[in-house]
Structure formats: C-alpha cells, structure tokens
Amino acid sequence: MAQSDFFENVYEVVKLVPVGRVTTYGAIAAYLGSKRGARMVGWAMNNAHGRPDVPAHRVVNRNGVLTGKNFFGSSTEMQELLEADGVKIEGDQLVAFKECFWDPGIELL
DNA sequence: TCACTGACTTGGC
DNA sequence: CGCCAAGCCAGTG
C-alpha cells in the first residue's frame, strides 16, 4: 500500500465526487466508519497533494467553508477551482452548499 | 514505545 | 449568538 487503505479510500471517494458537487470531511469519515475521524480525511488530503486525480478542492468542512484553501498553492486557488466546477463561493464559503453537497454514504449507496 | 499534532465535529457555557 | 473544551484516528518525531 502507498500510505494506508484509509487514505486510498478517501482518495477514491473524493475522485468519485461529480463535477459541480462537493463533499465534507465528516461525510467521508462517516462513510469510512469514523465520524470523528474527519481529521484523518484532512490528513489524507494533505497526502493527496501527490494525487493529482484527487480534487481536494471539492472537500470542505461541514459548514461548507473552504478550510483547506490555505493548503493550496494560492488561498484563492481552491475557490477558483470550485467556481470552475460550477460551484459558487462567497466569502470562502459555499453558496447553496446543501444543494451542492454530495454524500458518498447516500449517493454511492 | 510514547507523545504530539492535525485541511474536523459536537456539545457546553 | 460566539467562543472554549473534549473526542476521535492515524502518522510522524
């Protein structure tokens, strides 16, 4: 395994996120079986930098805020990528986040 | 081997 | 309504 099955699992879920949709750390963590393990998802995203196939910009916190935008090349790069996907951002926060939310535990069910 | 940290979440004050 | 503290999992020092 590259890093861990946990990380690989997170990558696959994020890669499965359709364009124009977003998911949350908690949703992925819950999908993996660890609701509180949302932190690990963020950690996986950090490792995701070596995975260009993993659109980490489509992963936000439960509030729909681009928490990890600072981890990107530019603080606005995450927002630009999301807007390019067709998502609207306002004040580092997702607009109509509920409508754009993509839950793997439901969509992939 | 133990301890700390971290892109979160939830609850309490 | 806003801030603080605790919990969880895995990786790195």
B/S/- contact track for nucleotides 2-8 of chain B, protein heavy atom under 4.0 Å: ---BBBB

So what does the secondary structure string of DNA chain C come out as, 5' to 3', with Watson-Crick or wobble pairs under 3.5 angstrom, [ ] for crossing and | for pairs with another strand? .||||||.|||||

Which pairs, with at least one residue in residues 71-80 of chain A and sequence neighbours excluded, count as a side-chain hydrogen bond (donor to acceptor under 3.5 Å, both in side chains)? none

All pairs passing side-chain hydrogen bond (donor to acceptor under 3.5 Å, both in side chains) where residues 81-99 of chain A contributes a residue, at least two apart: A:H57-A:D85, A:R58-A:D85, A:K69-A:D92

Minimum heavy-atom distance A:W102-A:V13, with the two atoms named: CZ3-O, 3.7 Å

Quick one: name the residues clustered hydrophobically with A:L81, using the 4.5 Å side-chain heavy-atom rule over I, L, V, M, F, W, Y, and just say none if it's on its own. A:V22, A:V60, A:L66, A:F72, A:M78, A:L82, A:V87, A:I89, A:L94, A:F97, A:F101

Mind running a 4.0 Å heavy-atom check of residues 82-107 of chain A against DNA chain B and sending the residues that fall below it, in number order? none

Give, for atom CZ of A:F6 and atom CD1 of A:I28, the distance between the pair rounded to the nearest 0.5 Å. 10.5 Å

State which residues pass side-chain contact (heavy atoms from CB on, under 4.5 Å) with A:N61; sequence neighbours excluded, sorted by chain then number. A:Y25, A:N63, A:V65, A:T67

Using the test side-chain contact (heavy atoms from CB on, under 4.5 Å), find all partners of A:P52 that sit at least two apart in sequence or belong to another chain. none

Looking at CD of A:E107 and OG1 of A:T23, how far apart are the two atoms once the value is rounded to the nearest 0.5 Å? 9.5 Å

Would you list the pairs meeting salt bridge (Lys or Arg N to Asp or Glu O under 4.0 Å) in which at least one residue belongs to residues 23-33 of chain A, sequence neighbours left out? none

Please identify each residue that fulfils side-chain hydrogen bond (donor to acceptor under 3.5 Å, both in side chains) with A:R39, with sequence neighbours left out. none

